[in-house]
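Taking it in order: structure first as structure tokens, then the write-up.
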Amino acid sequence: MVDQSLMARLPKVDQLLADPQMVEAAEAIPRPLILGAVRRVLDELRGRLLAGEVVDHNQLEAGVLAAQAAELAACLAAPSLKRVINATGVVVHTNLGRSLLAEAAVKRLLELNRGYSNLEYDLSAGARGSRYVHVNDILCQLTGAEASLVVNNNAAAVMLCLQTLAAGREVIVSRGQLVEIGGSFRIPDVMTRSGAVLKEVGATNKTHLRDYEGAISSETALLLKVHTSNFAVVGFHQEVSLADLRDLGDKYHLPVMEDLGSGTLVDFSHFGLPKEPTVQEALAAGADLVTFSGDKLLGGPQAGVILGKADYVERCRANPTNRALRVDKLTLAALEATLELYREPEKALKQIPTLAMISAGYEALRKRASRLAGRLKGLGLPRLKVSTTDGISKVGGGAMPLAEPKSRLLEIAVEGLSPTKLEAALRTNDPPIICRLEDQRLFMDLRTLVAGDSTAIVKALAGLAG
Ligand SMILES: *Cc1c(COP(=O)(O)O)cnc(C)c1O
């Protein structure tokens, strides 16, 4: 039975709009969202009454409903893409936006995009210029490349190179390097889309130089090496070095390309991490083209960097497909500022967050962990249990899968909340705090926290355990 007396008490839209709570909300929130929220709250309640549900009288009061509508309107008005706190310890976390930009890059990005720029304007000639010149010299100076081209991301870079050099012809790749990066990027699929024909050689675990040589024919256009960035083969395993591929390429007049994936300019083995081939090394070993991501180990904005011999890079640049993969000015601004930091490697390590986080030492993390634990214990909340423990971070971004940088974690528990519930509560906090849940225990890894995160964490836990 529908209770008509309850239906009659349902406030009108205008009544809710006139409520002081809605009036206040409407100062910051666009009117269509305010109106939408009020209608939704009333419709939902009307639906419940029509379904015969018995609702308490006070739930029909304008003030109560206005509070609900104001909260809903605030939710509707909140941006979908928002800053989150990464307490997972995965530095290049693709789901959380990969690399954080250095302050200098953020500053440049703002400066250059508030006004006009010489993006495609040659200031000395007073004539049309090229967007690609802005990062060209610095990329070449830092890496030893003859020429550069930047596109939207590394998947685009690989695609463009293959299409330009090998459409309709064969590309020889080791079976051990037919990788899937995640997010449906698989080397064989990209190859197909580029119009090149994949010629696989060798076995999953071992490929010899003679395998490549045996596959070369008049149809061969390119020898391709793909850095197996996100997995490692151990044991009975052999890859052909880039230098050997270079010699083979010379013998048969074939270009050699390497997709480095993460592409670092810094040798991480200095920090006790596994050796990743650097961009400089790949070029020095004779690659005609090298591609890598801007937002993995480089620590810059999303981009795909193509470096190599001038004639090959020029052919990629002139390929009409390049127009569809074109890098934008925001990226170029942030990338140039990031690259400038690499002129002084000490500066790069300190100021590029990805590098600073990866190279952060255990002792520093331990200090930060006990400081944060101290602040949390200082809240004096009996329900909040905080302890510190050792753990392992991850580089992420499909880079250095074997690296196990030692870190210091906070283990957090709140009495009356299961670890799963606590994880969800922190994840839906404003700002969201993304933690690690392992064996029904909740951890925060200090490695990936940035300035200000501690205060937000303290505030969130004070709310949850208070
Ligand atoms: C990550 C990766 C890519 C894709 O790079 P995006 O910048 O994400 O497009 C391609 N190849 C390898 C080997 C990678 O590791």
Side-chain angles (χ1 to χ4, degrees), residues 90-101 135 139 148-163 165-166 171 173-194 196 198 200 222-233 239 242 245 256-265 268 274-279 281-282 287 289-308 316 321-322 324-328 330-332 334-335 338-339 354 358 394-403:
V90 181
V91 178
V92 184
H93 198 308
T94 295
N95 298 157
L96 302 183
R98 286 198 183 158
S99 282
L100 313 187
L101 290 181
V135 289
L139 276 170
S148 75
L149 177 66
V150 180
V151 292
N152 184 51
N153 58 16
N154 187 36
V158 174
M159 170 90 164
L160 182 63
C161 291
L162 291 177
Q163 192 189 69
L165 267 62
V171 177
V173 194
S174 160
R175 285 203 170 84
Q177 297 171 1
L178 297 176
V179 301
E180 171 174 316
I181 306 306
S184 77
F185 179 95
R186 283 181 170 176
I187 288 292
D189 299 342
V190 174
M191 189 90 72
T192 308
R193 294 290 158 167
S194 74
L198 170 67
E200 311 171 25
L222 178 70
L223 304 176
L224 174 66
K225 186 171 165 75
V226 181
H227 180 47
T228 54
S229 36
N230 57 1
F231 72 103
V233 184
E239 276 194 344
L242 195 59
L245 279 186
V256 176
M257 166 176 160
E258 179 161 22
D259 171 14
L260 275 173
S262 28
T264 173
L265 300 184
F268 282 100
K275 170 80 190 165
E276 273 279 302
T278 67
V279 175
E281 286 162 356
L289 286 175
V290 166
T291 70
F292 58 95
S293 293
D295 56 354
K296 290 184 181 171
L297 293 180
L298 190 73
Q302 178 188 306
V305 181
I306 301 172
L307 297 176
C316 292
T321 301
N322 180 31
L325 311 173
R326 187 166 87 167
V327 64
D328 75 313
L330 283 80
T331 304
L332 285 171
L335 183 61
T338 306
L339 291 170
T354 300
I358 293 174
K394 279 273 162 206
V395 171
M400 294 194 254
L402 294 185

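Numbering of ligands and ligand atoms starts at 1, following listing order.
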Check your understanding: So, do L101 and P301 sit near enough that their side-chain heavy atoms are less than 4.5 Å apart?
Key ->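 Counting from C-beta outward, L101 and P301 do come under 4.5 Å.
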
**Study point:** Any donor-acceptor N/O pair, N153 side chain to A156 backbone, under 3.5 Å
**Key:** yes

Check your understanding: Applying a strict 4.0 Å limit to heavy atoms, is Q177 in contact with ligand 1?
Key -> no

Check your understanding: Mind checking whether V179 has a heavy atom under 4.0 Å from ligand 1?
Key ->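 Checking ligand 1 against V179, which is what was asked, there is no heavy-atom contact under 4.0 Å.
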
Nearest to [atom], what protein heavy atom do you find, and at what distance?
{"atom": "atom 11 (N) of ligand 1", "answer": "D259 OD2, 2.6 Å"}
{"atom": "atom 3 (C) of ligand 1", "answer": "N154 ND2, 3.4 Å"}
{"atom": "atom 7 (O) of ligand 1", "answer": "S293 OG, 2.6 Å"}
{"atom": "atom 14 (C) of ligand 1", "answer": "K296 NZ, 3.0 Å"}
{"atom": "atom 9 (O) of ligand 1", "answer": "A155 N, 2.8 Å"}

Point to revise | K275 and E281: CA distance, side-chain angles, deciding distance, salt bridge (charged side-chain N to carboxylate O under 4.0 Å, His left out) verdict | key: CA-CA 12 Å; K275 170 80 190 165; E281 286 162 356; 2.7 Å; yes

Check your understanding: Just which atoms of ligand 1 are under 4.0 Å from any heavy atom in H227?
Key ->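 Near H227, the atoms of ligand 1 are 13 (C).
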
Practice item. Identify, by atom number and element, the atoms of ligand 1 in contact range of R98, meaning under 4.0 Å from any of its heavy atoms. Key: 6 (P), 7 (O), 8 (O)

Point to revise | More than 12 heavy atoms from other groups under 6.0 Å of CZ on R175 | key: yes

Review point. So, D328 and T331: side-chain donor and acceptor under 3.5 Å apart, yes or no?
Key: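 Present: a donor and an acceptor within the cut-off.
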
Review point. Can you tell me how far CD1 of I358 sits from CG of L297, rounded to the nearest 0.5 angstrom?
Key: 5.0 Å

Check your understanding: Among V305, L307, L139, T264, which one satisfies side chain to side chain contact (heavy atoms under 4.5 Å, CB included) with V279?
Key ->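 Result for side chain to side chain contact (heavy atoms under 4.5 Å, CB included) with V279: L307.
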
